[in-house]
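Below: the structure, in structure tokens.
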Amino acid sequence: MVAKRGVQQASVRGRRVLVRVDFNVPQLPNGQVADDRRIREALPTLDHLRTAGARTILMSHLGRPGGRRDPQLTLRPIARQLSGMLGQPVPMATDCVGIEAIQQTARLSNGQVLLLENLRFHSGEEANDPAFAAQLAQLGEVFVEEAFGSVHRAHASTVGVPKLLPSYAGLLVQREIEELSPLRTQPQRPYVALIGGAKVADKLPLLASFLGRADTLLIGGALAHPFLAYRGAPIGGEALTPGLQKALGEFDRRAEETGTRILLPIDLKVEIEREGKTEVEIVPVPELPLGAIGQDIGPATIAQFIEAMQGSKTVFWNGPLGRTEDARFVAGTKAVLDGLRSIPGHHIGAGGDSARAVRELGVSDAFAFLSTGGGAALEYVQGVDLPGLSVLPDA
Ligand code: ADP
Ligand code: 3PG
Ligand code: MG
């Protein structure tokens, strides 16, 4: 494990400390925070900074507004939530760069906390534009990386800024590295990876890195759809582009070479229109109506997945196995995680939406550790070098 120089070592009294947090939290349709775990997990660092007399400036992204201001994706509800959690007002800057942000950060007194508006309202963030990074860096004197969930992104706030300021890892980032390192270096085998969720384009290439590392790979959620379509199931949704065809063919060849066992859903819960009414039915995969979209895994898949985890020493889980925001489609994720509770071994969960599901389903005791990172944790346990960590000085 490569430990990073920690925020405990930084001298922060009276200084403006720019902290990258990952407040990309699941939201309710009205914008309210649906699960505050990513905020809660940043509190020890924020408390440390406050007690040490720092002037704290928080920056985060929320969603994927694509470089444009989107009122749906303002961080305002998060500032409100954080104020309550910290027990002190957390004012917002209406933008993350520019004159107003400069003035607001300059006016902070020791122990105060300010939240900047969504970084991704500017295209310079995701493009890692040096001029945008310089504008952000100008707001602080010290940088703290506390956004473990975003360290796999080479963006201005995660890579550009730490190149310009003395940089430290926050307490959460340090703990994530410590907890996930055994899986990265030497997972105890048999090792089962259970992967679901929706970020298909992001996660598909990463799944291939489990081949040879894990003994069994269980694939559910929307992520299973391209695999099922490739194997000839009449599934709708994500189109099987020639690029995807090729990648999945390569995936199968590698799976065979490495001997990694791959299990896909064998039955799915789908919505079916009948006489103007929408009904939910469980259908075996070969009998899916043409173009159907699976919204959850069915009971036969649940049984198969639980069976496959029996006898394992390590289980890594990321991504809900169904559309768990809808009560009709939580059963698959709930049953599989319930099953995991009675299986001994080292179980690690990961992901913003996954953590929300764990809390709502009351199955947190299934896991020794729940990472705040989704894609970041997935990449970290595969041994990938994460740009937002590489850029930080070692301890
Ligand atoms: P995490 O945040 O834990 O890394 P993702 O962001 O990849 O997970 O995926 C979470 C999302 O995946 C949830 O919003 C859930 O509704 C969605 N999802 C899971 N299975 C399906 C499915 N079969 N169809 C549509 N969406 C799904
Ligand atoms: C996440 O939720 O995984 C992180 O906040 C990163 O979000 P992104 O996938 O939109 O970069
Ligand atoms: Mg997510």
Side-chain angles (χ1 to χ4, degrees), residues 20-29 34-35 37-39 41-42 60-67 73 75 78 118-120 125-126 128 146-155 157-158 176 194-204 206-207 219-228 235-238 264-265 267-271 280 285 288 292-298 301 316-333 336-337 348-360 367 370-380 386-388:
R20 174 55 156 108
V21 283
D22 189 336
F23 288 169
N24 183 30
V25 294
Q27 288 179 288
L28 299 173
D35 182 60
R37 188 158 179 277
R38 281 181 164 178
I39 308 175
E41 294 289 342
S60 179
H61 74 282
L62 178 62
R64 294 177 166 177
L73 293 174
L75 283 161
I78 293 166
N118 197 338
L119 292 160
R120 291 192 185 168
E125 164 63 359
E126 289 180 77
N128 189 12
E146 187 63 328
F148 181 76
S150 302
V151 290
H152 59 318
R153 305 289 182 218
H155 294 170
S157 64
T158 55
E176 292 270 7
L194 169 66
I195 313 291
K199 291 179 177 171
V200 175
D202 282 7
K203 288 187 186 178
L204 268 184
L206 284 171
L207 280 186
I219 306 174
L223 197 59
H225 296 162
F227 286 90
L228 292 172
I235 193 116
E238 194 86 10
L264 292 168
D267 57 350
L268 291 169
K269 248 187 192 172
V270 295
E271 280 178 322
V280 173
V285 166
L288 284 171
I293 308 260
Q295 310 272 13
D296 194 8
I297 55 172
T301 308
F316 176 79
W317 169 60
N318 167 249
L321 305 176
R323 202 155 59 75
T324 42
E325 294 88 346
D326 185 328
R328 296 172 302 164
F329 305 119
V330 298
T333 308
V336 171
L337 298 184
I348 301 287
D353 293 293
S354 300
R356 174 191 182 180
V358 164
R359 187 180 52 80
E360 287 177 354
F367 297 97
L370 256 185
S371 171
T372 53
L378 205 49
E379 291 194 29
Y380 190 79
L386 306 186

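A quick note: this is a predicted structure, and the numbers were derived from the prediction, not measured. Order of appearance sets the numbers: ligands from 1, and atoms from 1 within every ligand. Only heavy atoms go into these numbers, but all of them, side chains included; no hydrogens, no water, no symmetry mates. For reference, positions follow the sequence shown, starting with 1.
For Gly352, the closest heavy-atom approach to ligand 2 does not fall below 4.0 Å.
A donor-acceptor contact shorter than 3.5 Å is absent between the side chain of Arg120 and the backbone of Glu126.
Which parts of ligand 1 touch Pro320 is read off a 4.0 Å heavy-atom cut-off, strictly below it: atoms 8 (O), 10 (C), 19 (C), 20 (N). Shown in contact with Gly294 at under 4.0 Å from a heavy atom are these atoms of ligand 1, numbered in order with element: 22 (C), 23 (N), 24 (N). Listed by number with element, the atoms of ligand 2 under 4.0 angstrom from any heavy atom of Arg64 are 8 (P), 9 (O), 10 (O). Those atoms of ligand 1 with a heavy atom of Gly374 less than 4.0 angstrom away are 4 (O). Near Ser354, meaning under 4.0 Å from one of its heavy atoms, ligand 1 places the atoms 1 (P), 3 (O). Under a 4.0 Å criterion applied to the non-hydrogen atoms of Lys199, ligand 1 contributes the atoms 6 (O), 7 (O). Which parts of ligand 1 touch Glu325 is read off a 4.0 Å heavy-atom cut-off, strictly below it: atoms 13 (C), 14 (O), 15 (C), 16 (O).
Polar contact with ligand 2: absent for His155 (N/O pair, distance under 3.5 Å). Of the N or O atoms in Lys199, one or more lie within a sub-3.5 Å distance of an N or O in ligand 2.
To the nearest 0.5 angstrom, Leu207 atom CG is 11.0 Å from Asp202 atom CG. Note that OG1 of Thr372 and CD1 of Ile39 are 12.0 Å apart. Values are rounded to the nearest 0.5 Å. Once rounded to the nearest 0.5 Å, the distance linking OG1 of Thr333 with CD1 of Ile297 reads 6.5 Å. The CG atom of Asn118 lies 9.0 Å from the CD atom of Glu125; values are rounded to the nearest 0.5 Å. The line from CG of Asn24 to CG of Asp353 is 8.5 Å long, rounded to the nearest 0.5 Å.
The nearest protein atom to atom 7 (O) of ligand 2, hydrogens excluded, is given as His61 NE2, 3.3 Å; this is a heavy-atom distance. Looking from atom 11 (O) of ligand 2 to the surrounding protein, the closest heavy atom is Arg153 NE, 2.6 Å. Taking atom 8 (O) of ligand 1 as the reference point, the nearest protein heavy-atom neighbour is Lys203 NZ, 3.7 Å. Here the protein heavy atom with the shortest distance to atom 17 (C) of ligand 1 is Ala198 CB, 3.8 Å. When hydrogens are left out, the protein atom nearest atom 19 (C) of ligand 1 is Gly322 O, 3.1 Å; that is the closest non-hydrogen contact. The closest protein non-hydrogen atom to atom 25 (C) of ligand 1 is Arg323 CD, 3.8 Å.
Side-chain contact between Leu321 and Thr301: absent, with no pair of heavy atoms (C-beta onward) separated by less than 4.5 Å. Counting heavy atoms from C-beta on, the side chains of Phe329 and Val280 come closer than 4.5 Å. By the 4.5 Å heavy-atom criterion applied to side chains, Gln27 and Leu62 are counted as neighbours.
Heavy-atom minimum distance, Val285 versus Leu228: CG1-CD2, 4.2 Å.
Between the choices Ala222, Gly220, Gly149, the shortest heavy-atom distance to atom 22 (C) of ligand 1 belongs to Ala222. Closest to atom 4 (O) of ligand 1 by heavy atom, among Asp353, Asn318, Thr333, Val330, is Asn318.
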| Would Arg328 and Asp326 satisfy salt bridge (Lys or Arg N to Asp or Glu O under 4.0 Å), going step by step from the backbone distance to the final call? | CA-CA 5 Å; Arg328 296 172 302 164; Asp326 185 328; 2.8 Å; yes
| request: Kindly indicate, with the supporting measurements, whether the criterion side chain to side chain donor-acceptor pair (under 3.5 Å) is fulfilled by Arg20 and Ser157. | output: CA-CA 7 Å; Arg20 174 55 156 108; Ser157 64; 2.8 Å; yes
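Only the side chain of Arg38 comes within contact range of ligand 2, with a heavy atom under 4.0 Å; no backbone atom does. Within the 4.0 Å heavy-atom criterion, neither part of Glu126 lies near ligand 2.
Taking the N/O/S atoms of Asp353 in turn, the shortest distance to the Mg ion (ligand 3) belongs to OD2.
Ring geometry, Trp317 versus Phe367: the interplanar angle falls under 30°, so the pair is classed parallel (tilted spans 30 to 60°).
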